[in-house]
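These notes concern the structure reproduced below.
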There are 2 protein chains.
Amino acid sequence: MRDSSGKTPIWKAIADALRSDLAEGRYSPGDKLPTEAALADRFGVNRHTVRHGIAALVDDGLVRTRRGAGAFVAATPTDYPIGNRVRFHENLIAAGRRPEKRILALDERAATQGEAKALQVPTGAPVCAYHGLSLADGQPIAIFESLFPLDRIAGITAALRDTSSVTEALRVAGIADYTRTSTRLTAVRATATQALHLQVTEGDPLLRSSGVNTGQFGQPVEYGRTWFVGDRVTLTLET
Amino acid sequence: MRDSSGKTPIWKAIADALRSDLAEGRYSPGDKLPTEAALADRFGVNRHTVRHGIAALVDDGLVRTRRGAGAFVAATPTDYPIGNRVRFHENLIAAGRRPEKRILALDERAATQGEAKALQVPTGAPVCAYHGLSLADGQPIAIFESLFPLDRIAGITAALRDTSSVTEALRVAGIADYTRTSTRLTAVRATATQALHLQVTEGDPLLRSSGVNTGQFGQPVEYGRTWFVGDRVTLTLET
DNA sequence: TGGTAAGATATGTATAGTTGTATAGTAAAT
DNA sequence: ATTTACTATACAACTATACATATCTTACCA
């Protein structure tokens, strides 16, 4: 790697070396790469030169870095710019209630003004807040937050803890049938905390879906919001 | 160059998130906040980063912590800015075919590979490209591009020049009835030229809707894409 | 009923390690 | 002379882990 005909920059040689390591399967998706200091020792260069090489991999989408933690092999070593976006052929009605979930928070609290309005309950009424992360093939697809009015659905919190399926939990809690009244869609920027969970960069475009599900007599039983990663998800509306 | 993290410090983002929770009334004075560990899970960060955020709230006098007990709300912020509200609503079915249009370009050219695939014509087949801008109250709402296969619809270009209404133009061109097969939605960044037309900043989140309209015998007669400004539009899906 | 001890929980503190950023400097190529 | 590639150093921000200390909960016993 030292003065090899002086043509290729050192950082590019390092990037290529790491790239071939990835191609050989030496590291699996999610694995942590050696630290910058270790790589600097191994290649006999300055840490910044290694950083330059890693930055190239990050730019290619092969690697994700996290301050204080390390550099990790990205979930999808092969970039699917267009083809695989459509893999999430989910019906909009099912938005956010598919398998492969990770519960981030599940608690009971008082409804804020906006939430109360959507659920048609008085402000401050007790609600169950279900906050989580949806993944596909280990890759974050969306984060969601569902709110259930505890006045109408009593045991929903415990039910959600068991099943982690909204449909199932509602059924256990006594809501056999429910329908989505309307869905609203818009595009927003990822906040810093959203970006952390979704493993994107702050400010990246997200597709926000919000809607209310109502029970048999038109009473709201769930107010749900979902933020999809624009790069990874295309919602398909069947007519 | 391109790093994987945003600009706002994570601890500050967490502090802001908690602050807005307080402002929205999720927690009342005297209430106990979630534990540091729970918040660390929720935000996907280390416990110390959460502590840093909470420390900021303690410093502001909003929160009081007691070792071994938890963090409790001391006061609620009064001057926390609430996010800007959505000002316009559009029906998804009417996406891109509302009055108040401004034609940006109307010409005939060869279809690209992706466009040809959507229209089910050979690559390079002649199409009519209808490019325009939708406004409401003088403010740009969306830009759209509709493509019509000239092999199937001959006089569409001239018809569009007269009416500027897609439905009307198709009727004039001999397509009396057409239906939208499916609509696909995702979020993208505004390109420089899109940003210019829409009077937003490059990189702002846009809601992209794409779909195909098919004629009486299932033949695609139009491939349309619309980019809505996320800040100004919420699509509402009626069920 | 009431008190106490044990264990689980939760915050506080300490230390070390890792990535991100900023600044300055050196050598070689253009 | 300016740019480019790399080195060198220092510090900031976040992570990881361990442990101390205060509080709450529960069970047990008198």
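All chains are named by letter (A, B, ...) in the order of the sequence lines, taking the proteins before the strands, and each is independently numbered beginning at 1.
- Rounded to whole Å, atom P of dT19(C) lies 14 Å from atom CG of N46(A).
- With sequence neighbours left out, R67(B) forms a side-chain hydrogen bond (donor to acceptor under 3.5 Å, both in side chains) with no residue at all.
- Look at NE2 on H52(A): it is 14 Å from P on dT21(C), rounded to the nearest Å.
- One finds the NE2 atom of H131(B) at 5.0 Å from the CG atom of L104(B) (value rounded to the nearest 0.5 Å).
- Atom CD1 of I10(B) is separated from atom P of dA16(D) by 11 Å (rounded to the nearest Å).
- With sequence neighbours left out, A110(A) forms a side chain to side chain contact (heavy atoms under 4.5 Å, CB included) with no residue at all.
- Taking side-chain N and O atoms only, T49(B) has no distance below 4.0 Å to OP1 or OP2 of dA13(D).
- Under the side chain to side chain contact (heavy atoms under 4.5 Å, CB included) criterion, T35(A) pairs with K32(A), A37(A), A38(A), not counting sequence neighbours.
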Atom pairs and distances, donor-acceptor, side-chain atoms in residues 46-63 of chain B, under 3.5 Å, two or more places apart:
from, atom 1, to, atom 2, distance (Å)
N46(B), OD1, H48(B), N, 2.9
N46(B), OD1, H48(B), ND1, 3.2
R47(B), NE, E36(B), OE1, 2.7
R47(B), NH2, E36(B), OE1, 3.2
R51(B), NH1, E36(B), OE2, 2.8
D60(B), OD2, R19(B), NH1, 2.4

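- Every residue two or more places apart in sequence or in another chain that forms a salt bridge (Lys or Arg N to Asp or Glu O under 4.0 Å) with R109(A) is listed here: E115(A), E145(A).
- Here W11(B) reaches the OP1 or OP2 of dC14(D): one of its side-chain N or O atoms lies under 4.0 Å away.
- Atom NZ of K12(A) is separated from atom C1' of dT4(D) by 13 Å (rounded to the nearest Å).
- With rounding to whole Å, L39(A) atom CG is found 13 Å from dG20(C) atom P.
- At whole-Å resolution of the value, CG in L57(A) and C1' in dT19(C) are 15 Å apart.
- Look at CZ on R64(A): it is 11 Å from P on dG20(C), rounded to the nearest Å.
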Inset, instruction - Going 5' to 3' through nucleotides 7-17 of chain C, assign each nucleotide B (protein heavy atom under 4.0 Å from a base atom), S (under 4.0 Å only from sugar-phosphate atoms) or - (no protein heavy atom that close). - result: ---BBBBB--B
